[in-house]
Amino acid sequence: MAIFTGAGVALITPMKEDLSVDYDQLERVIDDQIKNGTDSIIICGTTGEASTMSHKEQIEVVAACVSCVNKRVPVIAGAGANCTDEALYLAKESERVGSDGLLVVTPYYNKATQAGLVEYYESIGNSVNIPILMYNIPGRTGVNIQADTTAKIFKSVENIVGMKEASGNLSQVADALYLTDGEIDMYSGNDDQILPILSLGGKGVISVLSNIAPQETHDLVMKFLNGDVKGSQELQMKYMDVIHKLFCEVNPIPVKRAMAELGYGANAVRRPLTEMEEDHAQELIEAMKKVGIL
């Protein structure tokens, strides 16, 4: 059984002006996400700025999320690193504090070989008892999980059940599904490719858009899965401009500004990220207004 089906939100981590975690706003965001149809909370991923947190702080944020969610939806914790030992620590600690699953990005900067990726995921998978999603985002990490490597890992480690695919390469997604007989749980990691990946047999999306449009992103997925392809297509097209504006600067800079506009705390990102350029922000705000988010 998949960890979730539908739209999981790649959740922001609200920050105060002093750049400490705003736990009150975090609880508010989580509650509102669940009330508005989000199918899973993905905490401390790229959008959650985990790379700027200490390991201790990251686990504290995961634990706070688990407590707030209180089993209403699955919680998936980011647990990847460029060092296997660090990834193992994050995986074990996230399991200890109650995460339902893990999202494990490929090692970044080191540019592991395909054999190194197999060893990395086998080490982590064999260290915990909760399900794991691989995370392929070569634009950030500098390394791509090839389709045959995906299949090899999936078949060799029982609790590695799926993948967040953000390579943008739909042919690779199709190959990975083919090589796993369609059994791998495939999630779009790009909001502009939700519908195409669903059409190949995907289970849903891990979404930045869901931060500001949770119900609509959920509906986009579920309309397709329930046979309303036209309705799903209409929602994908409706939000394309918003999606483009959410990625006109490095994620999560734009979505943090968007969430601030919606009243979810300060527009604050940890360095080396900087706040959104104002001309870009106004374009994002206008796009949000056009579709009724603002």
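Any value given below was found using the heavy atoms of this structure, including those in side chains, with hydrogens, waters and symmetry copies removed. Model, not experiment: these values are computed from the prediction.
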Do [X] and [Y] make a side-chain contact, defined as non-hydrogen atoms from C-beta onward lying under 4.5 Å apart?
| X | Y | value |
| --- | --- | --- |
| V161 | I184 | no |
| L262 | I212 | yes |
| S156 | E122 | yes |
| R257 | E278 | yes |
| M15 | V269 | no |
| Y239 | V291 | yes |
| T47 | V255 | yes |
| V66 | S99 | yes |

Does [Y] offer a backbone N or O that forms a donor-acceptor pair with the side chain of [X] under 3.5 Å?
| X | Y | answer |
| --- | --- | --- |
| Q58 | G78 | yes |
| T180 | A176 | yes |
| Q236 | L220 | no |
| N110 | N82 | yes |
| H218 | T38 | no |
| S20 | K16 | no |
| S207 | V9 | no |
| S94 | L90 | yes |
| S210 | T217 | no |

Rounded at 0.5 Å granularity, tell me how far [atom1] in [X] sits from [atom2] in [Y].
| X | Y | atom1 | atom2 | answer |
| --- | --- | --- | --- | --- |
| K256 | L246 | NZ | CG | 13.5 Å |
| L198 | Q233 | CG | CD | 12.5 Å |
| Y121 | T150 | OH | OG1 | 8.5 Å |
| M163 | M186 | CE | CE | 6.0 Å |
| D32 | Q215 | CG | CD | 12.5 Å |
| D191 | M240 | CG | CE | 9.5 Å |

Do [X] and [Y] sit in one hydrophobic cluster, given that two such residues count as connected whenever their side-chain heavy atoms are within less than 4.5 Å of each other, even indirectly?
| X | Y | answer |
| --- | --- | --- |
| V75 | I30 | yes |
| M53 | L88 | no |
| L133 | V208 | no |
| V205 | L170 | no |
| L209 | L11 | yes |

Write down the atom of [X], the atom of [Y], and the distance for their closest heavy-atom approach.
| X | Y | result |
| --- | --- | --- |
| V62 | V97 | CG1-CG2, 3.8 Å |
| K164 | G189 | CE-CA, 3.6 Å |
| S199 | F224 | CA-CZ, 3.5 Å |
| A81 | A87 | CB-N, 3.8 Å |
| I124 | A91 | CG2-CB, 3.9 Å |
| L26 | I12 | CD1-O, 4.3 Å |

Electrostatic pair [X]:[Y] at N-O distance under 4.0 angstrom:
| X | Y | result |
| --- | --- | --- |
| E60 | K56 | yes |
| R72 | D31 | yes |
| R271 | E49 | no |
| K203 | D185 | yes |
| K92 | E95 | no |

Ring-plane angle category for H55 and Y89, please: parallel below 30°, perpendicular beyond 60°, tilted otherwise.
tilted

Check the pair Q172, E165 against side chain to side chain donor-acceptor pair (under 3.5 Å), reporting the backbone distance first and the verdict last.
CA-CA 9 Å; Q172 179 170 276; E165 237 295 351; 2.9 Å; yes

Please determine, by modelled atom types, if [X] and [Y] share a side-chain donor-acceptor pair under 3.5 angstrom.
| X | Y | value |
| --- | --- | --- |
| N211 | Y264 | no |
| Q193 | S188 | no |
| Q282 | E286 | no |

Stepwise salt bridge (Lys or Arg N to Asp or Glu O under 4.0 Å) check, D241 with K245:
CA-CA 6 Å; D241 190 41; K245 298 298 190 294; 2.7 Å; yes

Evaluation steps, side chain to side chain contact (heavy atoms under 4.5 Å, CB included), between S67 and V69
CA-CA 6 Å; S67 176; V69 171; over 6 Å; no

Determine, stepwise, if the pair D192 / H244 fulfils side chain to side chain donor-acceptor pair (under 3.5 Å).
CA-CA 8 Å; D192 61 352; H244 291 154; 4.7 Å; no

Tell me, with the steps shown, if E234 and K238 meet salt bridge (Lys or Arg N to Asp or Glu O under 4.0 Å).
CA-CA 6 Å; E234 288 173 350; K238 177 180 179 179; over 6 Å; no

Looking at E158, I'd like to know if its CD atom is crowded, meaning that more than 12 non-hydrogen atoms belonging to other residues, nucleotides or ligands lie closer than 6.0 Å.
no

For N129 and N159, what are the C-alpha separation, side-chain angles and deciding distance, and is it a side chain to side chain donor-acceptor pair (under 3.5 Å)?
CA-CA 7 Å; N129 296 306; N159 62 328; over 6 Å; no

Test side chain to side chain donor-acceptor pair (under 3.5 Å) applied to N144 and N169, T106, N136, T149, the passing residue
N136

